[in-house]
There are 2 protein chains.
Amino acid sequence: MTRTPLSGVACSIARATDLFGDAWTALIMRDVLTGIDRFDELAQDLGISRKVLTVRLARLVEEGVLVRERYQERPPRERYAATEKGEELYPVLLALMSWGDRWYAGEAGPPARIHHLDCARDTTMVAACAHCGGPLTPENTTQLPGPGGRIGPGTRVLGPLLAARTERGDPDV
Amino acid sequence: MTRTPLSGVACSIARATDLFGDAWTALIMRDVLTGIDRFDELAQDLGISRKVLTVRLARLVEEGVLVRERYQERPPRERYAATEKGEELYPVLLALMSWGDRWYAGEAGPPARIHHLDCARDTTMVAACAHCGGPLTPENTTQLPGPGGRIGPGTRVLGPLLAARTERGDPDV
DNA sequence: CGAAAGAGTTCCTTCAGGGAACTCGCCAGG
DNA sequence: CCTGGCGAGTTCCCTGAAGGAACTCTTTCG
């Protein structure tokens, strides 16, 4: 197999995917942020092979997304805690969850609700502009090469959507 | 290998991850939403094995995230287009991109900018509450079982963060 | 003392991913 | 009419990561 290493590619999605794009990392982060943070707890909750869990956790620690900390001597007990970098993956989890809720919730409705303490309501995540707070959609955004963008093969980062659509003659632009 | 099937688990993150949690799907969606939508274009841009690309595209079509459409007879030419379900993965891509920008952009800055047409500024995505528009963070959200939530092993969906934190005696709550 | 929990290791098997070559329909040029 | 080339996949072989279950160590509990 030997997953193609994407970390060298000048695309932030590729870089994030290089870490996050496997079957378990998202679920591990969900659990750790949720308070399931010990090795055996994780192994049981996820049903993941202990070997693979070892490898994943090591990778996440190496990347600075988690820290392994001994929270108790005698008997020695470890737990994995999210760093700031790890906590900032929360929007990714919320986005995945919103999408899953929207498209895979059965008749019974989504399996969980997010409760927003600030407004005291159950809610869902929307992608918002950091400046104006308005929604961010494929229709109202374009992409331009950034300062660190070396243009070349594999360098695309959600390119000019509108431009592409316009070229194709899409009517809804 | 044989990835553990997560689609049966009552967790929207797991369901989304079942589709999205591999090395290539995010990049494929990025490209398709960007206008790179033909088989060979994708293969070249991504550097993905053609075999794997075939399998991925078939899966995405099967899931209703993409549609394969013939945009030209004689000679027959196909392209892959995002459905509504596919377009709604945009927030996931933006979240991954924001995170990657924040933590992996070199000194030169991020490789691309998102331009928000509504406010005419380059911007980044923030996770916002669908009701009040306020930010959604691990600190100001809790999770409760939803209507479709059958509690049991593997059912957790970003559980009660605050509760977990409080139990552990974290000071910052 | 024996059992049990926490945290991993080790070993074996299997199958998905990488890579490169091969196919097939259709058109363009000499 | 034959050759070349593009688009869109297939086919084949090889490697190595994921699964799964058993094994190891340490430390505490009854």
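In the text below, chain A, chain B and the rest are named by the order of the sequence lines, each starting its count at 1.
In this structure, Leu46(B) atom CG and dG19(C) atom C1' are separated by 16 Å, rounded to whole Å. When the C1' atom of dG9(D) is taken as reference, atom CG of Leu53(B) falls 10 Å away, rounded to whole Å. In this structure, the CZ atom of Phe39(A) is 9 Å from the C1' atom of dT9(C), given to the nearest Å. Straight-line distance from the CD1 atom of Ile48(B) to the C1' atom of dG9(D): 13 Å, rounded to whole Å. Note: CG (Asp22(A)) to P (dG17(C)) measures 12 Å, nearest angstrom. Between the CD atom of Gln44(B) and the C1' atom of dG7(D) there is a distance of 11 Å, given to the nearest Å. Rounded to an integer number of Å, the gap from CD of Glu41(B) to P of dG9(D) is 13 Å. As rounded to whole Å, 18 Å separates atom P of dA5(C) from atom CD of Glu78(A).
Both the sub-6.0 Å distance and the 45° axial angle are satisfied by Arg79(B) relative to the ring of Tyr71(B).
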Extract from the structure each pairing of a protein N or O with an N or O of nucleotides 20-30 of chain C at less than 3.5 Å, listing the distance.
unit_1  : atom_1 : unit_2   : atom_2 : d
dC27(C) : OP1    : Pro75(B) : N      : 3.4
dC27(C) : OP2    : Arg74(B) : NH2    : 3.3

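Shown here are the salt bridge (charged side-chain N to carboxylate O under 4.0 Å, His left out) partners of Glu78(A), two or more places apart in sequence or in another chain: Arg68(A), Arg70(A). Not counting sequence neighbours, Asp118(A) has no partner by the salt bridge (charged side-chain N to carboxylate O under 4.0 Å, His left out) test. The salt bridge (charged side-chain N to carboxylate O under 4.0 Å, His left out) search around Glu88(A) returns Arg102(B), not counting sequence neighbours. Take Arg77(A) and apply the salt bridge (charged side-chain N to carboxylate O under 4.0 Å, His left out) test, not counting sequence neighbours, and it matches no residue.
In terms of phosphate contacts, Trp24(A) brings no side-chain nitrogen or oxygen within less than 4.0 Å of OP1 or OP2 of dA17(D). OP1 or OP2 of dG6(C) has not a single side-chain nitrogen or oxygen of Tyr71(A) nearer than 4.0 Å. In this model, the phosphate group of dA17(D) is not approached by any side-chain N or O of Arg59(A) to a distance below 4.0 Å at OP1 or OP2. Regarding contacts with the backbone of dA8(D), every side-chain N or O of Arg79(B) stays at 4.0 angstrom or more from both OP1 and OP2. The phosphate of dG8(C) (OP1 or OP2) has a side-chain N or O of Tyr80(A) nearer than 4.0 angstrom.
Sorted by first and then second residue, the pairs that involve residues 119-132 of chain B and meet salt bridge (Lys or Arg N to Asp or Glu O under 4.0 Å), not counting sequence neighbours, are Arg113(B)-Asp122(B).
Side-chain atoms of Thr83(B) come within 3.5 Å of backbone N or O of Gly64(B) as a donor-acceptor pair.
Among the protein residues, Arg70(A) comes within range of no part of the nucleic acid, since none of its heavy atoms lies under 4.0 Å from any strand.
Comparing dT10(D), dA7(C), dA8(D) by their nearest atom to the side chain of Thr54(B) picks out dT10(D).
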